[in-house]
Every structure is written in C-alpha cells, then in structure tokens.
Colleague: 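Got a structure for you, questions after.
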2 protein chains.
Amino acid sequence: MQRNRRVTATDVAEAAGVSRSAVSRAFAPNAYLDGEKRKLILTTALKLGYRPNALAASLQGKRSNLVAVAAGGMNNLYNAEFTAKLVARLNAAGKWPIVIGGSEAVLDDAILPALSYPLDALIVRGSSLSAQVFEDCAKLNIPLIFAGRILKGAQVDCVSCHNSNGTAAAARHLIARGRRKFGFISGPAGLSSSSDRLEGIRCALREAGLSLIAEAPCNYTYEGGRDAATSLLTQYDIDALICANDASALGALSAARYELDRDVPNDLSIVGFDDIAQASWPEYNLTTLRNPLDQTMDEILRLLQARLDDPDRPAEQVLIAPQLITRKTD
Amino acid sequence: MQRNRRVTATDVAEAAGVSRSAVSRAFAPNAYLDGEKRKLILTTALKLGYRPNALAASLQGKRSNLVAVAAGGMNNLYNAEFTAKLVARLNAAGKWPIVIGGSEAVLDDAILPALSYPLDALIVRGSSLSAQVFEDCAKLNIPLIFAGRILKGAQVDCVSCHNSNGTAAAARHLIARGRRKFGFISGPAGLSSSSDRLEGIRCALREAGLSLIAEAPCNYTYEGGRDAATSLLTQYDIDALICANDASALGALSAARYELDRDVPNDLSIVGFDDIAQASWPEYNLTTLRNPLDQTMDEILRLLQARLDDPDRPAEQVLIAPQLITRKTD
DNA sequence: CTGAAAGCGCTTACAG
DNA sequence: CTGAAAGCGCTTACAG
C-alpha cells in the first residue's frame, strides 16, 4: 500500500492480468486490441481511477496539449473577457491553457520559467515581449501567436483588429455629426494598439483639414480614464473625446458627466474601443468600436492548429475589421 | 540538424564536453559540482536556449508545479477578479495554473480530462463538483482546495467568507435605518453561497420580528439582476433589496433607477455582496459586503503549501469575515 | 492480436 | 567532485 502515488499503467496491467502494452493500447482508439480485452482493461482502469499521465505521453513525441497564455492586465476589462473566452475555447479544443497574468512589467519574468514545460504554443495578448523570450521560444521550438498586435517584419503568426481603420471610421462619423475639437485618451506608451488607434484619428482629421487638439496618456483602466478626461476637459476646449479602449472611456464618461457636469452627447461625444459587456449597459450606452471577440478566437484557434499541423508554414498575419457601434454617447 | 526538437540535456552535455549528469547537476543549486564546470554548463545552456523539461523532471517524483484552477463563469465579475488574482499569486509562487473555465454545466466535462496531467492540486472556485471528480482526484492523489464554499462533512480544505454573517450584518444595518420590507435576489439554485446569504437575511429579520417579502432567482449576472429586480419591484412593495452578489446588484440598481424610476437610496436600499471594483465606481457607489480577496488568496496559498508539505494533515476549513462597506445605496 | 524491449528527457543513488 | 546506470510512466516499432 504505497501512498501519494498516482495509479499507473502497471497497476492496471497487474489488476487486469495483461501486459503494460495492452493497457496503453486500450487508451489509443486505433490500436489493435481484442475487443473483450479492451473492455476489461477500461473497466479495471475506471475502477482504479487510472488515466494515462499526459506528461509521460508527451515524452514519446506526443503533443503536450499545453498552451501558455500571457494574458496582460485584467483591469483592462477587454483583457478579462478575452482571456475568459480564450480559455473556454482552448478547453473545448482539448488544449490546456497555462495562464500567465500580472502586469506587463513582470510578464517576462513570469513567462520565462513557464517555458520549462513542453508547450505546444505560447499565445501573447497585446503586450510586447523581450528579445529573450523570442529567442528562447525559437530555440525551444515553441510557436508564438500574437493577438492584439501585428509584428511587422517578424515571422510570427498574428491576429489583430485593424485599429486605425476603426478609429478613423469613428472620427469621420463624429466629424459628420459636426464635431471639430478632438481629444484622445491613449493607452500605455509603446503599445501599438494605442498608437495605431491614434494614427487612425489623425488620418481622418487630416482628411477634414482638422488636427488633434490634445492627447492625454492613460493606462487602459477606468480610473486612468477618469483622470485623463478630467485633465483634458479642464485644460482644453474639446467636443469629441476618443478613448483608446472602453475601460478608459467608461471612466472618461463618468468624469465628464458626474464631475465636470458635461452633457454627453449633446455638448461632448465620447467613443471607446472594444465593445466590452459594460459598454451596452444602459447607464453607459457607450458608442464604441467592436473588436470582434468570437472572430478573433476563431482565428487564433485556426492559426494554432495550422501551425501545429505544419510548423514550417509561412507566418500569417490576420487583420480583423472593427465595427462602429453607435449608441448614445456620440 | 533536426527540426522541431527541444534542446535537450544531452545536447548541452555534448556541446560543453561533460556528462549528462553534470548538466542536470548544474541546474540543481545544491548538487555537488565544480564551480567552473557549472559556469561552463550554464553558459552553454544559455547559448543553446536549454532549460530542463519540467515534465520529464516531474517523472522523477519532483512536483509538476501544475495546479488546475476551475474558475467558474466570468460574467460573475467577482469570479473574474478572483481568477486574475489567483493566477498572479500562483505565478509568483512558482505554480502554473491550468485554467478551466466555462459554465458550471460543462465544468465536469472540462475538469476530468485535465486530470491527465500530474497536477499538484485542483482549486475549485464556487461551484460544486460531481462525485466522479472527487473520486478520481482521490485515486489520482490530487489534493482538492475549495474556495467560496465550505464542504461540510467532507475531508477537504476549504476557504470561504462567512456568508450568512455578512448578509445578517447588512440586514441589521438596513433595519436600523428603518427598512422593513425586504426582497432578496438569489444566485443560481444549489450554490451554497447564495443559500447561506439568504439564511443570514432571514436570521436578522427574525430577530426583528420581520420576514422576507419575496425572493427572485438570478444567475449572479448583471442582466439577471436587472430582470430579477424588475420582476420583484413591480410585483411587491419593497424598500430594501439585498442581492446575492455585486454583479446582480449593479443590474438591480440600474433597473431600479433608470427603468422603474425608483429613488435609491431615499425610497429603496440596494446592497450587494463581494465589493468588486465596479462597486466603488462613482456611478454606482454600491453598499456591499466585502469578500476579502487578498485574505482569501493568502489562505488558499497557505492551504496549498501546507497540503503539499504534508499530504496527510487533517483538512482545514477557513472562514473569513466579510465586511460591510456602506456607500450610497443603503 | 500481443508481449518484451527500447527509448522519450530527466534525476539520483551508486561506485568511484 | 564525477560518470555510468537505473528508473520515472508512457508509447511504439519489433518480432512473434
């Protein structure tokens, strides 16, 4: 009676009076094995609570089915939705996500040790990665998939929505409604999602002979959005505020209405980006750009499968069209 | 030049001109190994991008450091905060969370196959588990930790806040403020968190010679809270609404104010449970019971470590005191 | 259809 | 301090 030991194929073999090989075959649907024998083994296994150790199997060249997911900060509410959905999709596909959270600052420190596992892939949401992670993944033969940004030049699979197209469409819409004095609340410095979104606005303003009045830095959070909006709206004369994401837009909306007593949308438009669940809540009714979650998931799963099927295929970069959702803040 | 192969200890040994054993020792801080040699091996490993395969190591009786986390539905916003925080804490402790998401209905289907990995533990948030998962975990020697509910009678480590104490305190507070006509918006049927919270209210009402006017079922979501509040407030004369969690309380608050034109808090009190981030946003300012996240994490991590250190220790059940946070809806 | 054997990448007594 | 060898739990040619 040994303690603290996992039930093993040998245990099942002994209990059922067959060879270890037979046990292994019983769990491989296509292996040659007498029907009765398979039944006996499976019953014995069930009784003993045996299930093949996936890790030992992965040593035989099988896939581990382990996929690391670097999730990014969860107070960016879109990240939370994204991660929840990705986890569910991965589960459904028989892949097991090792989630790596925490702030961007420590992401590297957290990812590196996770590479000790024989990962089928590493999916990175949004943030950037140090050169070391890139190199280590290459050396360890761990495919990388980026979601939320396109890595230009690099041979890496990427999925992102077309950020600048989205904000350009939003800006044109606001211009058509008569807005002229634009402000922008940005995301964290260095994130291409934020700079691309800004670029879209600049482009639409240029077309109309306009230019951006002011920009305030923010960190993609609700609280950050409040602060940024307060500073922007008290310093400048602005009638259209585009925010780099929804979390900050909700904060901006709250500050504008309840602290600065601005009338949204009558004397100020506020537009977000992502279309998180809260955006459609009646107390916000936020006009925003939908960053399509299901379509993004479809692409991630497709890219993952394609990469596993053919590690040598050329990298693919998928751009998804965002969609302007007009509600009651534009 | 082989492709699609992970760098291996043998590769490093060959490159550095040492034995495989030496490579292994170089990565074990306390192993006997000549200083110069260790340095050489580590440098070579770095160059090659080698890092020991954690799974192969786990076959030697080492821990896998893999911990499965059954997270529960993410549209219960507290679950999302909980999971994000737990992931970060686990990462920081050198444990790697395999996250299992999805709705409660499919949780079993999703957990079972995850048991193929040599898990150090399985942490279950909130929901209940089928007998089969219990048995399989026992047979596979995977310790179970429950967060968010106490399993009475079972020999399982559990952490939960004291649900009935929390709602009883809230109800007494509302009674002291003059409320007499109480309604309750519940969580999903069968979840003890919800029934315990109801029991706390009943208890406080009894003390005051009062009884509950009505109860509406809900699923712990914002949308569900809206619907439940609408049905409750249009059918009954109620001046105090206690919701089984914050997500549903936010929905209830929104419906009460914007659809039913009720004046909260002047003619109706609304109280939630959990104290999620949104509860303190100025547009809600929700009075609620804080379900202390950091303290809960501390206990989970402590219980996990203690269980790993001594698999035979008696199960521990930790009850955490919730805290009434009065804001502007009571 | 089946079992004995080799091998996956590692660690750890064992014998120097 | 060090290398050769055994063994962790599995799968898969190999030879019946």
Side-chain angles (χ1 to χ4, degrees), chain A residues 2 4-42 45 48-66 115-120 139-142, chain B residues 2 4-42 45 48-66 115-120 139-142:
Chain A
Q2 317 203 13
N4 303 325
R5 237 196 77 228
R6 204 182 154 95
V7 191
T8 220
T10 308
D11 300 332
V12 178
E14 275 174 17
V18 300
S19 71
R20 285 205 243 79
S21 321
V23 176
S24 195
R25 287 191 185 104
F27 284 88
N30 298 323
Y32 290 117
L33 186 63
D34 177 75
E36 285 305 305
K37 202 171 208 174
R38 166 168 276 137
K39 218 175 285 179
L40 169 65
I41 294 174
L42 259 16
L48 263 42
Y50 170 74
R51 108 185 25 234
N53 181 333
L55 297 198
S58 86
L59 278 185
Q60 300 333 293
K62 296 272 185 202
R63 273 180 197 140
S64 69
N65 290 322
L66 249 23
L115 300 180
S116 298
Y117 297 91
L119 268 17
D120 279 1
K139 285 168 177 164
L140 293 166
N141 250 304
I142 299 176
Chain B
Q2 317 203 14
N4 304 324
R5 238 195 77 228
R6 206 181 151 97
V7 190
T8 221
T10 309
D11 300 333
V12 178
E14 276 174 17
V18 300
S19 71
R20 285 205 244 78
S21 322
V23 175
S24 194
R25 287 190 186 106
F27 284 88
N30 298 324
Y32 289 117
L33 187 62
D34 177 74
E36 285 304 306
K37 203 172 208 173
R38 166 168 276 138
K39 218 175 285 179
L40 169 65
I41 294 175
L42 259 15
L48 263 41
Y50 170 75
R51 107 184 28 232
N53 181 332
L55 296 199
S58 85
L59 278 185
Q60 298 336 291
K62 296 272 184 201
R63 275 180 196 141
S64 69
N65 290 322
L66 249 25
L115 301 181
S116 298
Y117 297 90
L119 268 17
D120 279 1
K139 285 168 176 165
L140 293 166
N141 251 303
I142 298 175

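The figures that follow rest on heavy atoms only: side chains count, while hydrogens, waters and symmetry mates do not. In what follows, chains are A, B, ... by sequence order, proteins preceding strands, each numbered from 1.
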Colleague: Nearest 0.5 Å, please: how far is CD1 in Ile142(A) from CZ in Arg6(B)?
Modeller: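 These two atoms lie 5.5 Å from each other.
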
Colleague: Are Leu119(B) and Leu140(B) side-chain neighbours, meaning at least one heavy-atom pair lies under 4.5 Å?
Modeller: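 Sidechains of Leu140(B) and Leu119(B): no contact.
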
Colleague: Between dG3(D), dC10(C), dG3(C), which nucleotide gets closest to the side-chain atoms of Ser19(B)?
Modeller: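 For the Ser19(B) side chain, the nearest candidate turns out to be dG3(D).
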
Colleague: Starting at CD of Glu36(B) and ending at P of dT2(D), how long is that distance when rounded to a whole Å?
Modeller: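 Nearest whole value for this atom pair: 11 Å.
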
Colleague: Give a yes or no answer on whether the side chain of Ser58(A) reaches the backbone of Leu55(A) with a donor-acceptor pair at less than 3.5 Å.
Modeller: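 Such a contact is found between Ser58(A) side chain and Leu55(A) backbone.
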
Colleague: To the nearest Å, how far apart are Asn65(A) CG and dT11(D) P?
Modeller: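 So the two atoms are 13 Å apart, to the nearest Å.
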
Colleague: Using whole Å, what does the distance between atom C1' of nucleotide dC10(C) and atom OH of Tyr50(B) come to?
Modeller: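 The distance from OH of Tyr50(B) to C1' of dC10(C) comes to 7 Å, rounded to the nearest Å.
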
Colleague: Mapping Leu33(B) and Gln60(B) to their closest nucleotides on DNA chain D, which lands nearer the 5' end?
Modeller: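 It is Leu33(B) whose nearest nucleotide is closer to the 5' end.
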
Colleague: Closer than 4.0 Å, any side-chain N/O of Thr8(B) to the OP1 or OP2 of dC10(C)?
Modeller: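 Indeed, a polar side-chain atom of Thr8(B) lies that close.
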
Colleague: When the C1' atoms of dG16(C) and dT12(C) are compared, how many Å lie between them, rounded to an integer?
Modeller: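 The same atom, C1', in both gives a distance of 16 Å.
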
Colleague: Within this structure, what is the CZ-to-C1' distance between Arg25(A) and dT12(D), rounded to whole angstrom?
Modeller: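 It works out to 8 Å between those atoms.
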
Colleague: With the side chain of Asp34(B) defined as its heavy atoms from C-beta on, choose the nearest nucleotide among dC1(D), dG3(D), dG9(C).
Modeller: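 Nucleotide nearest to Asp34(B)'s side chain: dC1(D).
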
Colleague: Ala56(B) has a side chain; which of dC10(C), dC10(D), dG9(D) sits nearest to it?
Modeller: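 The listed nucleotide nearest to Ala56(B)'s side chain is dC10(C).
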
Colleague: Whole-Å distance between dC8(D) P and Lys62(B) NZ?
Modeller: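 About 16 Å, once rounded to whole Å.
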
Colleague: Could you state the NZ-C1' distance from Lys37(A) to dG3(C), rounded to the nearest angstrom?
Modeller: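 Going from NZ in Lys37(A) over to C1' in dG3(C) covers 8 Å.
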
Colleague: Is a donor on one side and an acceptor on the other found under 3.5 Å between the side chain of Arg25(B) and the backbone of Arg38(B)?
Modeller: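 No; judged by distance alone, with no hydrogens or angles, the pair does not exist.
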
Colleague: Taking N and O atoms by type only, does the side chain of Ser21(A) place a donor or acceptor under 3.5 Å from a partner on the base of dA4(C)?
Modeller: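 By the distance-only test, yes, there is a pair.
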
Colleague: Only pairs with both distances under 3.5 Å count, Watson-Crick or wobble alike; so what is the partner of dG16(D) in this structure?
Modeller: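 The answer is dC1(C), by the H-bond criterion.
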
Colleague: Is a side-chain N or O of Tyr50(A) found less than 3.5 angstrom from the main chain of Thr10(A), in a donor-acceptor match?
Modeller: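 No, because the side chain of Tyr50(A) does not come within donor-acceptor range (under 3.5 Å) of the backbone of Thr10(A).
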
Colleague: Report the distance from atom CZ of Arg20(A) to atom C1' of dC14(D), rounded to the nearest whole Å.
Modeller: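 Taking atom C1' of dC14(D) as the reference, CZ of Arg20(A) is at 16 Å.
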
Colleague: Nearest to the side chain of Ser24(B) - dC10(D), dT11(C), dG9(C)?
Modeller: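 Of the candidates, dT11(C) comes closest.
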
Colleague: Given the P atoms of dA13(D) and dG9(D), what is the spacing between them in whole Å?
Modeller: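 dA13(D) and dG9(D) have their P atoms separated by 23 Å.
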
Colleague: Rounding to an integer number of Å, can you tell me how far Tyr32(A) OH sits from dC14(D) C1'?
Modeller: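 Roughly 15 Å, once rounded to whole Å.
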
